[in-house]
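Notes to accompany the following structure.
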Amino acid sequence: MKSEPDEVGIDHLAANPDKLFEWTGVRNYQARNFMRDRMQPGDLLLFWHSSCPQPGIAGIAEVASAAHADSSQFDPASPYFDPRSDPANPRWQCVDVRFVRKTALRSPAVLRQHPALLEMTVLQRGNRLSITPVTPQQWHYLMENLL
């Protein structure tokens with residue numbers, strides 16, 4: 001899961017380890033579907049800093065809730081407001097996440113040096129999704145070798 005560190009970074013989660021963070025603002029159907037259909041409470045995830053001077057994996061977080069309606073779609077003051085989304089049938093879903101631990105920052109350049117990770121969706125040229133899957137093999141490699 002990617003986030004801009006000045007908006008919500010791993011340090012925000014670390015400063016509030018008992019707080020659940022609603023992962024709002026995802027406005028891409030494929031990324032929404034990953035959250036809605038594939039993420040389950042208890043799943044661990046890579047917390048990726050993006051759109052910043054030093055992007056990459058910055059920590060580990062945990063999915064803390066099943067998918068639910070993204071509250072920001074109904075808030076006219078939110079930059080993620082969607083006037084076409086119906087509260088009875090919300091268009092946008094999200095999950096809540098909680099802090100697990102910080103890691104040493106692992107940049108895309110460092111990750112690309114490892115052949116076992118070259119197929120990671122997040123490392124593919126042109127990928128702009130904020131949420132992408134990680135295979136069990138990729139996860140295991142990261143945990144054993146880099147994080």
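When all heavy atoms of Ala15 and Pro17 are compared, the pair lying nearest together is C-CD, 3.5 Å. Shortest non-hydrogen contact noted between Cys94 and Ala69 is SG-O, 4.1 Å. Among all heavy-atom pairs drawn from Ala67 and Arg36, the shortest one is CB-CA, 3.6 Å. In terms of heavy-atom proximity, Ile57 sits nearest to Trp48 at CG1-CE3, 3.6 Å. Of all heavy-atom pairs between Ala66 and Val95, the closest is C-CG1, 4.2 Å. In terms of heavy-atom proximity, Ser71 sits nearest to Thr24 at OG-CG2, 4.2 Å.
Side-chain contact between Phe47 and Lys2 is absent, with no heavy-atom pair separated by less than 4.5 Å. With a 4.5 Å cut-off on side-chain heavy atoms, Leu46 and Trp139 count as touching. Here the side chains of Pro55 and His49 are not in contact, with every heavy-atom distance at 4.5 Å or above. At least one side-chain heavy atom of Val134 sits less than 4.5 Å from a side-chain heavy atom of Met120. No side-chain heavy atom of Asp70 sits less than 4.5 Å from a side-chain heavy atom of Arg91. The shortest distance between side-chain heavy atoms of Ile131 and Leu45 does not fall below 4.5 Å.
Rounding to the nearest 0.5 Å places CG of Asn16 at 4.5 Å from CZ of Phe21. In this structure, OG1 in Thr135 is found 8.5 Å from CG in Leu117, a value given to the nearest 0.5 Å. Separating the OG atom in Ser130 from the CG atom in Asn28 is a distance of 7.0 Å, to the nearest 0.5 Å. Separation of atoms CG (Leu147) and CG (Leu105) is listed at 10.0 Å; rounding is to 0.5 Å.
Val100 and Met35 sit in two unconnected hydrophobic clusters of ILVMFWY residues. Membership requires side-chain heavy atoms under 4.5 Å apart, directly or through other members. Under a hydrophobic-cluster definition in which Ile, Leu, Val, Met, Phe, Trp and Tyr are linked whenever side-chain heavy atoms come within less than 4.5 Å, directly or via other members, Val8 and Leu129 are assigned to the same cluster. The hydrophobic clustering, which links ILVMFWY residues whose side-chain heavy atoms are closer than 4.5 Å, places Val122 and Leu146 together.
Within the 3.5 Å criterion, the main-chain N or O of Leu118 finds a donor-acceptor partner in the side chain of Gln124. Remark: the backbone N or O of Asn33 is not paired with any side-chain donor or acceptor of Gln93 at under 3.5 angstrom. Looking only at distances, no side-chain donor or acceptor of Asn127 sits under 3.5 Å from a matching main-chain atom of Leu123. Between the side chain of Asp43 and the main chain of Gln40, a donor-acceptor pair closer than 3.5 Å is present. Between the side chain of Ser3 and the backbone N or O of Pro5 there is no donor-acceptor pair closer than 3.5 Å. In this structure, His12 contributes its side chain and Asp6 its backbone to no donor-acceptor pair below 3.5 Å.
Environment of NE2 in His140: sparse, with no more than 12 heavy atoms of neighbouring residues, nucleotides or ligands closer than 6.0 Å.
Residues Trp92 and Phe74 place their aromatic rings such that the two centres sit no closer than 6.0 Å. For Trp23 and Phe34, the ring centers sit 6.0 Å or farther from each other.
A side-chain donor from one of Ser72 and Arg27 sits under 3.5 Å from a side-chain acceptor of the other.
Here side chain to side chain donor-acceptor pair (under 3.5 Å) pairs that include residues 100-121, with residues two or more places apart or in two chains, are Asp11-Lys102, His114-Tyr141.
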Before you tell me yes or no, could you show the steps for Val97 and Met1 under side-chain contact (heavy atoms from CB on, under 4.5 Å), namely the whole-Å CA-CA distance, both residues' side-chain angles and the distance that decides it to 0.1 Å?
CA-CA 10 Å; Val97 301; Met1 295 181 92; 4.0 Å; yes

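Residues meeting the side-chain contact (heavy atoms from CB on, under 4.5 Å) test with Leu20, sequence neighbours left out: Ala64, Asp96, Arg98.
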